[in-house]
Amino acid sequence: MVRAVVGANWGDEGKGKITDMLGQESDIIVRFQGGANAGHTIVNDYGKFALHTLPSGVFYNHTTSIIGNGVALNIPVLFKEIKEIVDRGVPMPKILVSDRAQMVMPYHILFDEYEEERLAGKSFGSTKSGIAPFYSDKYAKIGFQVNELFDEDALREKIERVIVQKNILLEHLYHKPLLSADEIFNTMMEYREMVAPYVCDVSAFLYDAIKEDKNILLEGQLGSLKDPDHGIYPMVTSSSTLAAYGAIGAGIPPYEIKQIITVCKAYSSAVGAGAFVSEIFGEEADELRRRGGDGGEYGATTGRPRRMGWFDCVASKYGCRIQGTTDVAFTVLDVLGYLEEIPVCVGYEIDGVVTKDFPTTGKLEKAKPVLEVLPGWNCDIRGIKTYGELPENCRKYIEFVEEQIGFPITMISNGPGRNDIIYRNK
Ligand code: GDP
């Protein structure tokens with residue numbers, strides 16, 4: 001069976017923890033989109049890890065971890081991550097890299113930095129991992145697939161061709177040093193040596209695995225609101241964050257994805273610029289940020305403080321719908337235990353009209369939150385194992401959110417650990 005774990009919002013919903021947890025019963029875990037720009041934080045028996053490129057299954061002996069063709073593959077980052085986990089005592093994971101995955105080239109990272117520098121204050125808040133230049137080149141058909149590393153003559157010829165245009169931009173737009181084909185070629189040869197043992201025809205591998213009835217987990221990065229088509233364009237990422245894209249970015253039939261687990265956090269957080277209707281500020285936000293997640297709401301890759309807000313039913317309802325949600329995993333609920341009362345955003349007021357439908361970006365920027373205040377439960381719910389044992393107000397909060405978003409909350413996460421989970425039969 002194929003399942004997907006994806007985010008409903010801006011990312012950082014706790015997908016890493018849910019994937020790690022579901023990884024126990026998975027044979028194969030696949031990353032199908034995105035790059036090293038976002039990260040998952042995972043707490044397990046080996047310690048606390050921030051993964052950017054590796055699938056969250058790397059901590060299990062029984063799983064195969066796959067980098068699908070849809071990923072922006074940064075080879076040195078991938079190998080640095082493998083080394084880091086192995087150095088900390090994790091057994092060497094089984095890893096396969098799609099022969100069709102495209103590689104983040106050293107100049108993609110440079111172009112990301114130069115463009116941010118050029119835009120100065122008007123930037124999009126890129127993590128400077130080269131992701132936007134990477135996907136631009138992919139769709140401009142001047143990207144490099146992993147299999148191209150194995151044909152040296154064709155590779156050298158293509159590098160020479162591709163950098164002509166890059167060098168014009170470097171010279172005239174950015175006023176930066178030019179690229180050398182020799183240097184890039186040599187770097188590619190180093191990449192080839194690193195990646196060669198793992199290269200695989202992933203879609204054929206997965207086709208066989210599906211026939212053998214293996215459990216396959218597709219691991220999404222970021223969330224619905226960052227999708228380039230359905231998210232808050234242009235404050236989005238460059239590859240689709242939706243479960244449907246799992247079929248493309250892994251190379252499997254779309255109808256094989258039987259369960260779509262959409263992760264929603266019990267409050268909101270976002271990074272980077274852009275509309276964030278339920279955002280809160282000042283001491284109220286600082287306190288939630290300090291208490292949030294596992295050790296505060298700061299970016300796993302960048303360490304940047306995240307923007308904080310109350311749970312947004314409008315955005316989450318939309319985020320779940322566009323994912324094709326079968327199950328909602330409601331996470332980080334334990335963090336709200338300090339509040340006497342918990343505001344929830346139940347509607348947007350736009351030009352004097354209240355709506356529960358998530359609008360396009362221009363309207364979203366004008367939206368003001370309509371808040372409803374629910375009573376808190378004011379205690380620590382960590383360690384609770386069954387739904388019935390949760391305080392009544394906590395259950396009411398969950399049921400209120402479920403009613404508002406219209407998708408079943410079947411898992412509740414009440415702590416960062418693998419076993420901090422409450423299953424709810426629906
Ligand atoms: P991801 O990118 O969606 O995986 O999200 P993050 O890596 O930002 O994960 C959110 C943070 O919350 C991480 O530090 C997790 O360890 C932590 N976390 C996940 N689930 C829970 C939970 O239920 N309670 C608490 N307190 N922390 C959690």
Side-chain angles (χ1 to χ4, degrees), residues 4-23 29 31 33-59 81 127 217-226 237 241 243 261-272 287-308 311 316 319 323 328-339 379-385 390 394 397-398 409 411-424:
V5 176
V6 287
N9 303 105
W10 291 263
D12 307 318
E13 297 94 348
K15 294 177 297 296
K17 178 242 162 97
I18 300 294
T19 311
D20 180 58
M21 192 186 88
L22 296 174
I29 304 188
R31 281 280 317 268
Q33 47 88 220
N37 50 334
H40 287 319
T41 313
I42 294 168
V43 181
N44 59 29
D45 299 343
Y46 296 105
K48 183 172 176 174
F49 296 88
L51 299 182
H52 308 292
T53 291
L54 283 172
S56 305
V58 291
F59 300 102
E81 252 171 52
T127 57
L217 194 61
L218 303 174
E219 176 178 10
Q221 191 197 43
L222 297 169
S224 303
L225 307 182
K226 293 283 188 185
T237 193
T241 55
I261 300 156
T262 304
V263 184
C264 282
K265 188 155 64 177
Y267 53 89
S268 303
S269 70
V271 288
E287 176 149 39
L288 185 55
R289 185 180 301 111
R290 259 198 317 277
R291 292 173 177 269
D294 178 35
E297 290 281 358
Y298 303 92
T301 303
T302 57
R304 289 190 288 196
R306 293 177 180 151
R307 296 164 68 192
M308 305 303 296
F311 188 81
S316 303
Q323 288 289 7
V328 174
F330 198 50
T331 59
V332 208
L333 189 60
D334 51 303
V335 160
L336 300 183
Y338 72 98
L339 291 160
C379 67
D380 187 4
I381 58 162
R382 280 207 197 182
I384 291 178
K385 295 288 175 208
L390 287 171
C394 182
Y397 184 78
I398 296 164
I409 296 177
M411 289 167 230
I412 295 142
S413 173
N414 59 336
R418 221 175 241 182
N419 301 317
D420 298 322
I421 194 82
I422 297 168
Y423 288 98
R424 197 162 153 242

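We count ligands from 1, going down the list as the structure has it; atoms in each ligand are counted the same way. Both backbone and side-chain heavy atoms feed into the values below; hydrogens, waters and symmetry mates do not.
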Notebook entry, point to check: Would you call D420 a ligand 1 contact, heavy-atom distance under 4.0 Å?
Noted result: no
Notebook entry, point to check: What distance do D12 atom CG and S268 atom OG have between them, rounded to the nearest 0.5 Å?
Noted result: 11.5 Å
Note to self: Is it the case that ligand 1 has an N or O less than 3.5 angstrom from some N or O of G14?
What the structure shows: yes
Margin query: For ligand 1, which is the ligand I care about here, please tell me if V332 has any N or O atom under 3.5 Å from one of the ligand's N or O atoms.
Written below: yes
Notebook entry, point to check: Can you name the one residue among K15, E219, M21 that meets side chain to side chain contact (heavy atoms under 4.5 Å, CB included) with V5?
Noted result: K15
Next item on the list: Would you please determine whether G415 falls within less than 4.0 Å of ligand 1 on a heavy-atom basis?
Entry: yes
Check: Got a salt bridge between D294 and K17, using NZ or NE/NH1/NH2 to carboxylate O under 4.0 Å?
Finding: no
Next item on the list: May I ask you to identify, for D334, whether its side chain, its backbone, both or neither come under 4.0 Å of ligand 1 on a heavy-atom basis?
Entry: side chain
Note to self: If the cut-off is 4.0 Å to any non-hydrogen atom of G16, which atoms of ligand 1 fall inside it?
What the structure shows: 1 (P), 4 (O)
Next item on the list: Over all heavy atoms of both residues, which pair between S316 and N9 is shortest? Give the atoms and the distance, please.
Entry: OG-ND2, 3.2 Å
Item checked: Cation-pi geometry met for R304 and Y298 (6.0 Å, 45°) -> no
Note to self: Tell me the nearest of K15, E297, R306 to atom 3 (O) of ligand 1, using heavy-atom distances.
What the structure shows: K15
Next item on the list: Could you list which atoms of ligand 1 come closer than 4.0 Å to a heavy atom of K17?
Entry: 19 (C), 20 (N)
Notebook entry, point to check: With atoms numbered from 1 as shown, which atoms in ligand 1 lie under 4.0 angstrom from a non-hydrogen atom of R382?
Noted result: 26 (N)
Margin query: By the definition side chain to side chain contact (heavy atoms under 4.5 Å, CB included), identify the one residue from I422, N414, D420, I412 that meets it with I381.
Written below: N414
Margin query: Would T331 count as being in polar contact with ligand 1, using the rule that some N or O on each side must be under 3.5 angstrom apart?
Written below: no
Next item on the list: Locate the shortest heavy-atom distance separating L333 from I398; write the atom from each residue and the value.
Entry: CD2-CD1, 3.6 Å
Next item on the list: With sequence neighbours excluded, tell me which residues meet ring-ring contact (aromatic ring centres under 6.0 Å, His included) with F311.
Entry: F330
Item checked: Atoms of ligand 1, numbered as shown, that sit under 4.0 Å from any heavy atom of S413 -> 20 (N), 21 (C), 22 (C), 23 (O)
Note to self: E297: which residues meet the side-chain hydrogen bond (donor to acceptor under 3.5 Å, both in side chains) condition with it, sequence neighbours left out?
What the structure shows: K265, Y267, R306
Next item on the list: Would you please determine whether K48 falls within less than 4.0 Å of ligand 1 on a heavy-atom basis?
Entry: no
Margin query: Regarding atom 17 (C) of ligand 1: of the candidates D294, V263, N44, which has the closest heavy atom?
Written below: D294
